[in-house]
Number of protein chains: 2
Amino acid sequence: MAHGPVPSGDELLKVLSALGNPHRMRIVAALAEGRNYVSALARDIGIGRPLLHMHLQRLEAAGLISGSLELSESGKAMKFYELTPFSYALTPQAVAAAARTLTEEERTLKEEEKKTPVKETST
Amino acid sequence: MAHGPVPSGDELLKVLSALGNPHRMRIVAALAEGRNYVSALARDIGIGRPLLHMHLQRLEAAGLISGSLELSESGKAMKFYELTPFSYALTPQAVAAAARTLTEEERTLKEEEKKTPVKETST
DNA sequence: GACATGTGTCAGATTCCTTTGACAGGTGCG
DNA sequence: CGCACCTGTCAAAGGAATCTGACACATGTC
(Lines give C-alpha, C1' and ligand atoms only; values in the text may rest on other atoms or scores of the structure.)
Protein backbone atom coordinates (compact mmCIF):
# COMPACT_ATOMS: atom_id res chain seq x y z
CA MET A 1 0.00 0.00 0.00
CA ALA A 2 2.44 2.56 -1.10
CA HIS A 3 -0.12 5.00 -2.39
CA GLY A 4 -0.04 7.41 0.47
CA PRO A 5 1.22 10.30 -1.66
CA VAL A 6 -0.08 10.17 -5.24
CA PRO A 7 -1.76 7.12 -6.73
CA SER A 8 -1.81 6.78 -10.49
CA GLY A 9 -4.99 7.71 -12.31
CA ASP A 10 -5.73 4.19 -13.39
CA GLU A 11 -5.13 2.84 -9.92
CA LEU A 12 -7.36 5.35 -8.21
CA LEU A 13 -10.02 4.85 -10.83
CA LYS A 14 -9.95 1.12 -10.27
CA VAL A 15 -10.18 1.56 -6.53
CA LEU A 16 -13.03 4.03 -6.68
CA SER A 17 -15.10 2.05 -9.14
CA ALA A 18 -14.43 -1.06 -7.09
CA LEU A 19 -15.57 0.57 -3.87
CA GLY A 20 -18.47 2.35 -5.48
CA ASN A 21 -20.81 -0.58 -5.14
CA PRO A 22 -23.02 -1.54 -2.19
CA HIS A 23 -22.21 -5.23 -2.34
CA ARG A 24 -18.52 -4.65 -2.49
CA MET A 25 -18.70 -2.18 0.37
CA ARG A 26 -20.46 -4.82 2.40
CA ILE A 27 -17.82 -7.36 1.48
CA VAL A 28 -15.16 -5.03 2.79
CA ALA A 29 -17.20 -4.55 5.93
CA ALA A 30 -17.53 -8.29 6.38
CA LEU A 31 -13.83 -8.86 5.86
CA ALA A 32 -13.05 -6.06 8.28
CA GLU A 33 -14.17 -8.40 11.03
CA GLY A 34 -11.71 -11.02 9.97
CA ARG A 35 -10.74 -13.28 7.14
CA ASN A 36 -13.30 -15.63 5.76
CA TYR A 37 -13.82 -18.11 2.95
CA VAL A 38 -16.04 -17.68 -0.05
CA SER A 39 -19.01 -19.89 0.75
CA ALA A 40 -19.32 -18.66 4.32
CA LEU A 41 -18.94 -15.10 3.12
CA ALA A 42 -21.67 -15.58 0.55
CA ARG A 43 -23.97 -17.01 3.18
CA ASP A 44 -23.04 -14.21 5.52
CA ILE A 45 -23.82 -11.43 3.09
CA GLY A 46 -26.72 -13.11 1.43
CA ILE A 47 -25.70 -13.33 -2.19
CA GLY A 48 -24.92 -16.15 -4.55
CA ARG A 49 -21.48 -17.65 -4.87
CA PRO A 50 -20.97 -16.77 -8.52
CA LEU A 51 -21.88 -13.18 -7.83
CA LEU A 52 -19.66 -12.95 -4.80
CA HIS A 53 -16.87 -14.50 -6.77
CA MET A 54 -17.10 -11.74 -9.33
CA HIS A 55 -17.12 -9.00 -6.73
CA LEU A 56 -14.18 -10.54 -4.93
CA GLN A 57 -12.17 -10.57 -8.12
CA ARG A 58 -12.99 -6.95 -8.70
CA LEU A 59 -11.85 -6.00 -5.22
CA GLU A 60 -8.74 -8.10 -5.52
CA ALA A 61 -7.92 -6.59 -8.90
CA ALA A 62 -8.06 -3.20 -7.24
CA GLY A 63 -5.65 -4.38 -4.60
CA LEU A 64 -8.11 -3.94 -1.77
CA ILE A 65 -8.32 -7.56 -0.72
CA SER A 66 -6.27 -10.69 -1.22
CA GLY A 67 -7.27 -14.30 -1.35
CA SER A 68 -5.33 -17.46 -0.65
CA LEU A 69 -6.33 -21.03 -1.24
CA GLU A 70 -5.75 -23.09 1.88
CA LEU A 71 -6.50 -26.57 3.05
CA SER A 72 -8.69 -27.14 6.06
CA GLU A 73 -7.67 -29.82 8.53
CA SER A 74 -10.28 -32.06 7.01
CA GLY A 75 -8.50 -31.74 3.72
CA LYS A 76 -10.97 -29.57 1.87
CA ALA A 77 -9.72 -26.73 -0.22
CA MET A 78 -11.03 -23.40 0.97
CA LYS A 79 -10.25 -19.96 -0.35
CA PHE A 80 -9.80 -17.39 2.34
CA TYR A 81 -10.02 -13.70 1.63
CA GLU A 82 -8.73 -10.90 3.80
CA LEU A 83 -8.57 -7.18 3.24
CA THR A 84 -5.44 -5.24 2.49
CA PRO A 85 -4.71 -2.22 4.71
CA PHE A 86 -5.20 0.42 2.05
CA SER A 87 -5.37 4.15 2.59
CA TYR A 88 -6.41 6.77 0.09
CA ALA A 89 -6.96 10.46 0.68
CA LEU A 90 -9.90 11.64 -1.35
CA THR A 91 -9.53 15.35 -2.05
CA PRO A 92 -10.05 17.52 -5.13
CA GLN A 93 -6.30 17.88 -5.51
CA ALA A 94 -5.67 14.15 -5.24
CA VAL A 95 -8.35 13.37 -7.78
CA ALA A 96 -7.13 16.11 -10.10
CA ALA A 97 -3.56 14.88 -9.90
CA ALA A 98 -4.64 11.33 -10.61
CA ALA A 99 -6.87 12.38 -13.47
CA ARG A 100 -3.92 13.92 -15.26
CA THR A 101 -2.16 10.56 -15.33
CA LEU A 102 -5.15 8.72 -16.70
CA THR A 103 -4.27 6.43 -19.57
CA GLU A 104 -7.89 5.57 -19.96
CA GLU A 105 -9.73 5.37 -23.20
CA GLU A 106 -8.19 2.14 -24.35
CA ARG A 107 -10.24 2.64 -27.41
CA THR A 108 -8.09 5.59 -28.32
CA LEU A 109 -5.07 3.53 -27.38
CA LYS A 110 -6.12 0.74 -29.66
CA GLU A 111 -6.60 3.23 -32.43
CA GLU A 112 -3.00 4.22 -31.93
CA GLU A 113 -1.97 0.60 -32.00
CA LYS A 114 -3.49 0.17 -35.39
CA LYS A 115 -1.24 2.92 -36.64
CA THR A 116 1.78 1.82 -34.65
CA PRO A 117 3.04 -1.73 -35.34
CA VAL A 118 2.64 -2.89 -31.73
CA LYS A 119 5.27 -5.60 -31.42
CA GLU A 120 2.99 -8.45 -30.31
CA THR A 121 2.39 -9.22 -26.66
CA SER A 122 5.09 -11.61 -25.58
CA THR A 123 3.02 -14.63 -26.48
CA MET B 1 -16.33 19.55 4.79
CA ALA B 2 -19.10 18.13 6.87
CA HIS B 3 -17.94 14.56 6.58
CA GLY B 4 -14.64 14.52 8.36
CA PRO B 5 -15.48 11.74 10.80
CA VAL B 6 -17.92 9.18 9.39
CA PRO B 7 -19.86 9.70 6.18
CA SER B 8 -23.09 7.77 5.77
CA GLY B 9 -23.04 4.69 3.60
CA ASP B 10 -25.27 6.20 0.98
CA GLU B 11 -23.21 9.36 0.88
CA LEU B 12 -19.90 7.59 0.52
CA LEU B 13 -21.37 5.28 -2.07
CA LYS B 14 -22.59 8.23 -4.08
CA VAL B 15 -19.22 9.92 -3.86
CA LEU B 16 -17.26 6.84 -4.84
CA SER B 17 -19.47 5.93 -7.76
CA ALA B 18 -19.38 9.55 -8.86
CA LEU B 19 -15.60 9.71 -8.76
CA GLY B 20 -15.15 6.26 -10.26
CA ASN B 21 -15.36 7.47 -13.82
CA PRO B 22 -12.60 8.81 -16.05
CA HIS B 23 -14.65 11.67 -17.46
CA ARG B 24 -15.78 12.83 -14.06
CA MET B 25 -12.26 12.64 -12.72
CA ARG B 26 -11.16 14.83 -15.58
CA ILE B 27 -13.95 17.25 -14.85
CA VAL B 28 -12.75 17.56 -11.29
CA ALA B 29 -9.24 18.08 -12.59
CA ALA B 30 -10.45 20.80 -14.93
CA LEU B 31 -12.39 22.55 -12.20
CA ALA B 32 -9.40 22.30 -9.90
CA GLU B 33 -7.81 25.00 -12.03
CA GLY B 34 -10.69 27.32 -11.49
CA ARG B 35 -14.38 27.76 -12.04
CA ASN B 36 -15.71 27.48 -15.55
CA TYR B 37 -18.96 27.40 -17.45
CA VAL B 38 -20.50 24.44 -19.17
CA SER B 39 -19.82 25.12 -22.84
CA ALA B 40 -16.22 26.13 -22.26
CA LEU B 41 -15.73 23.12 -20.04
CA ALA B 42 -17.14 20.81 -22.66
CA ARG B 43 -14.85 22.30 -25.27
CA ASP B 44 -11.96 22.07 -22.85
CA ILE B 45 -12.42 18.41 -22.05
CA GLY B 46 -13.57 17.37 -25.45
CA ILE B 47 -17.01 15.91 -24.86
CA GLY B 48 -20.51 16.91 -25.87
CA ARG B 49 -22.63 19.29 -23.86
CA PRO B 50 -25.41 16.83 -23.06
CA LEU B 51 -22.89 14.30 -21.83
CA LEU B 52 -21.05 16.84 -19.74
CA HIS B 53 -24.31 18.02 -18.34
CA MET B 54 -25.10 14.56 -17.09
CA HIS B 55 -21.70 14.08 -15.49
CA LEU B 56 -21.93 17.47 -13.84
CA GLN B 57 -25.25 16.59 -12.32
CA ARG B 58 -23.84 13.36 -11.00
CA LEU B 59 -20.93 15.17 -9.39
CA GLU B 60 -23.17 17.85 -7.99
CA ALA B 61 -25.56 15.25 -6.62
CA ALA B 62 -22.62 13.76 -4.77
CA GLY B 63 -21.81 17.15 -3.32
CA LEU B 64 -18.43 17.33 -5.00
CA ILE B 65 -19.10 20.36 -7.16
CA SER B 66 -21.64 23.16 -7.22
CA GLY B 67 -23.03 25.18 -10.06
CA SER B 68 -24.53 28.64 -10.16
CA LEU B 69 -26.29 30.35 -13.00
CA GLU B 70 -24.87 33.79 -13.51
CA LEU B 71 -25.24 36.58 -16.01
CA SER B 72 -22.27 37.79 -17.97
CA GLU B 73 -21.85 41.50 -18.44
CA SER B 74 -23.23 41.13 -21.91
CA GLY B 75 -26.40 39.74 -20.44
CA LYS B 76 -26.05 36.12 -21.44
CA ALA B 77 -26.90 33.41 -18.94
CA MET B 78 -23.97 31.19 -18.14
CA LYS B 79 -23.75 28.40 -15.63
CA PHE B 80 -20.51 28.31 -13.72
CA TYR B 81 -19.35 25.23 -11.88
CA GLU B 82 -16.75 25.08 -9.18
CA LEU B 83 -15.61 22.24 -7.00
CA THR B 84 -16.44 21.84 -3.36
CA PRO B 85 -13.51 21.31 -0.95
CA PHE B 86 -14.34 17.76 0.00
CA SER B 87 -12.18 15.38 1.96
CA TYR B 88 -12.72 11.68 2.47
CA ALA B 89 -10.42 9.20 4.09
CA LEU B 90 -10.55 5.92 2.23
CA THR B 91 -9.60 3.11 4.58
CA PRO B 92 -11.01 -0.35 5.25
CA GLN B 93 -12.47 0.86 8.53
CA ALA B 94 -14.10 3.89 6.97
CA VAL B 95 -15.63 1.82 4.20
CA ALA B 96 -16.75 -0.85 6.68
CA ALA B 97 -18.36 1.72 8.93
CA ALA B 98 -20.14 3.32 6.01
CA ALA B 99 -21.27 -0.02 4.63
CA ARG B 100 -23.10 -0.80 7.86
CA THR B 101 -25.25 2.28 7.42
CA LEU B 102 -26.13 1.43 3.84
CA THR B 103 -29.75 1.76 2.91
CA GLU B 104 -30.90 -1.51 1.42
CA GLU B 105 -31.48 -1.18 -2.27
CA GLU B 106 -34.43 1.15 -2.01
CA ARG B 107 -35.99 -0.49 -4.98
CA THR B 108 -35.99 -3.98 -3.52
CA LEU B 109 -37.00 -2.63 -0.16
CA LYS B 110 -39.98 -0.81 -1.50
CA GLU B 111 -41.03 -3.79 -3.53
CA GLU B 112 -40.80 -6.05 -0.52
CA GLU B 113 -42.68 -3.64 1.66
CA LYS B 114 -45.50 -3.43 -0.78
CA LYS B 115 -45.86 -7.19 -0.94
CA THR B 116 -44.95 -8.53 2.47
CA PRO B 117 -45.27 -6.73 5.82
CA VAL B 118 -41.54 -7.12 6.40
CA LYS B 119 -41.21 -9.88 8.91
CA GLU B 120 -37.62 -10.90 8.46
CA THR B 121 -34.57 -9.57 10.24
CA SER B 122 -34.59 -9.14 14.02
CA THR B 123 -32.39 -12.22 14.35
C1' DG C 1 -22.78 -44.94 -3.74
C1' DA C 2 -25.38 -41.00 -1.98
C1' DC C 3 -24.92 -36.75 0.45
C1' DA C 4 -23.07 -32.46 2.16
C1' DT C 5 -19.39 -29.36 1.96
C1' DG C 6 -16.01 -26.84 -0.49
C1' DT C 7 -13.99 -24.95 -5.18
C1' DG C 8 -14.59 -22.74 -9.84
C1' DT C 9 -16.76 -21.32 -14.53
C1' DC C 10 -20.13 -20.69 -18.11
C1' DA C 11 -24.06 -18.63 -20.93
C1' DG C 12 -27.89 -15.93 -20.87
C1' DA C 13 -31.05 -12.48 -19.21
C1' DT C 14 -31.36 -7.93 -17.12
C1' DT C 15 -30.50 -3.90 -15.63
C1' DC C 16 -27.82 0.16 -15.31
C1' DC C 17 -24.68 3.65 -17.31
C1' DT C 18 -22.96 6.01 -20.95
C1' DT C 19 -23.20 8.40 -25.32
C1' DT C 20 -25.09 10.79 -29.24
C1' DG C 21 -28.09 13.64 -32.11
C1' DA C 22 -31.94 16.56 -32.39
C1' DC C 23 -34.65 19.74 -30.37
C1' DA C 24 -36.32 24.17 -27.87
C1' DG C 25 -35.46 28.09 -25.80
C1' DG C 26 -32.64 32.70 -24.48
C1' DT C 27 -29.43 36.79 -25.42
C1' DG C 28 -26.35 40.27 -28.07
C1' DC C 29 -24.59 41.99 -32.45
C1' DG C 30 -24.04 43.32 -37.48
C1' DC D 1 -33.69 39.19 -39.34
C1' DG D 2 -29.82 35.94 -39.38
C1' DC D 3 -25.81 34.43 -36.95
C1' DA D 4 -23.20 33.12 -32.96
C1' DC D 5 -23.12 32.04 -28.40
C1' DC D 6 -25.28 30.54 -24.19
C1' DT D 7 -28.73 27.42 -21.65
C1' DG D 8 -31.43 23.17 -21.03
C1' DT D 9 -33.98 18.46 -22.12
C1' DC D 10 -35.48 14.50 -24.65
C1' DA D 11 -35.41 9.73 -26.85
C1' DA D 12 -32.98 6.20 -28.87
C1' DA D 13 -28.85 3.48 -29.28
C1' DG D 14 -24.93 1.17 -27.55
C1' DG D 15 -22.19 -0.99 -24.26
C1' DA D 16 -20.76 -2.36 -19.81
C1' DA D 17 -21.89 -4.13 -15.42
C1' DT D 18 -24.71 -6.97 -12.74
C1' DC D 19 -27.20 -11.12 -11.43
C1' DT D 20 -28.95 -15.95 -11.81
C1' DG D 21 -29.16 -20.89 -12.61
C1' DA D 22 -26.79 -24.84 -14.07
C1' DC D 23 -22.81 -27.20 -14.64
C1' DA D 24 -18.24 -29.66 -13.43
C1' DC D 25 -14.89 -30.99 -10.02
C1' DA D 26 -12.82 -32.43 -5.40
C1' DT D 27 -13.04 -34.04 -0.56
C1' DG D 28 -14.86 -36.35 3.90
C1' DT D 29 -18.60 -38.82 6.03
C1' DC D 30 -22.57 -42.01 6.46
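First the proteins, then the strands, lettered A, B, ... as listed; each starts at 1. Since this is a predicted model, take the numbers as computed values, not measurements.
- Remark: B:Ala97 engages B:Val6 in a side chain to side chain contact (heavy atoms under 4.5 Å, CB included) (not counting sequence neighbours).
- As a whole-Å value, the separation of B:Met78 CE from D:dT7 C1' is 10 Å.
- Residue A:Leu56 contributes atom CG, which lies 15 Å from atom C1' of D:dC19 at whole-angstrom precision.
- Put simply, A:His23 has no side-chain N or O that comes within less than 4.0 Å of OP1 or OP2 on D:dT18.
- B:Ser8 is linked by a side chain to side chain contact (heavy atoms under 4.5 Å, CB included) to B:Asp10, B:Glu11, B:Thr101, counting only residues two or more places apart in sequence or in another chain.
- Contacts of residues 64-71 of chain B with DNA chain D (heavy atom under 4.0 Å): none.
- The distance between atom CE of A:Met54 and atom P of D:dT20, rounded to the nearest whole Å, is 12 Å.
- Atom CG of residue B:Leu12 and atom CG of residue B:Leu102 lie 8.5 Å apart, to the nearest 0.5 angstrom.
- The side chain of A:Asn21 places an N or O atom within less than 4.0 Å of a non-bridging phosphate oxygen (OP1 or OP2) of D:dT18.
- Dashed line: the shortest gap from a side-chain N or O of A:His55 to OP1 or OP2 of D:dA17 is not under 4.0 Å.
- Relative to the side chain of A:Lys79, the nucleotides D:dC19, D:dT9, C:dG8 differ in distance, and C:dG8 lies closest.
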Distance-only donor-acceptor hits, side chain of residues 40-62 of chain A, under 3.5 Å, sequence neighbours excluded:
| unit_1 | atom_1 | unit_2 | atom_2 | d |
| --- | --- | --- | --- | --- |
| A:His55 | ND1 | A:Arg24 | NH1 | 3.1 |
| A:Glu60 | OE2 | A:Gly67 | N | 3.2 |

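- The salt bridge (charged side-chain N to carboxylate O under 4.0 Å, His left out) contacts involving residues 87-102 of chain A comprise A:Arg100-B:Glu33, where partners must be two or more places apart or lie in separate chains.
- Among residue pairs with one or both ends in residues 61-75 of chain A, those qualifying as salt bridge (charged side-chain N to carboxylate O under 4.0 Å, His left out) are A:Arg35-A:Glu70; sequence neighbours excluded.
- If you chain together ILVMFWY residues whose side-chain heavy atoms come under 4.5 Å of each other, B:Leu69 ends up in a group of its own.
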Sugar-phosphate or base contact per nucleotide [nucleotides 22-30 of chain C; S, B, -; heavy atom under 4.0 Å]: B----BS--
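- The CZ-P distance, from A:Arg26 to D:dC19, rounds to 10 Å in whole Å.
- Residues from residues 28-42 of chain A that place a heavy atom under 4.0 Å from any atom of DNA chain C, listed by number: A:Tyr37, A:Val38, A:Ser39.
- Listed by chain and number, the hydrophobic cluster partners of A:Leu71 come to none, as no ILVMFWY side chain reaches under 4.5 Å of it.
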From CA spacing to verdict: side-chain contact (heavy atoms from CB on, under 4.5 Å), A:Thr91, A:Val95: CA-CA 6 Å; A:Thr91 64; A:Val95 175; over 6 Å; no
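- Going from atom CZ of A:Arg43 over to atom C1' of C:dA4 covers 11 Å, rounded to whole Å.
- Contact annotation: A:Arg49 side-chain N/O to D:dG21 OP1/OP2 distance is not under 4.0 Å.
- Atoms CG (B:Leu13) and C1' (C:dC17) sit 14 Å apart, rounded to a whole Å.
- Sequence neighbours left out, not one pair with a member in residues 86-99 of chain A passes salt bridge (charged side-chain N to carboxylate O under 4.0 Å, His left out).
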For residues 74-83 of chain B, run the donor-acceptor check on the side chains, cut-off 3.5 Å, and write out each pair with its distance to 0.1 Å, sequence neighbours left out.
| unit_1 | atom_1 | unit_2 | atom_2 | d |
| --- | --- | --- | --- | --- |
| B:Ser74 | OG | B:Ser72 | OG | 2.8 |

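- Separating the CG atom of B:Leu51 from the C1' atom of D:dG14 is a distance of 13 Å, rounded to the nearest angstrom.
- For the pair A:Ile27 CD1 and D:dT18 P, the interatomic distance rounds to 11 Å; values are reported in whole Å.
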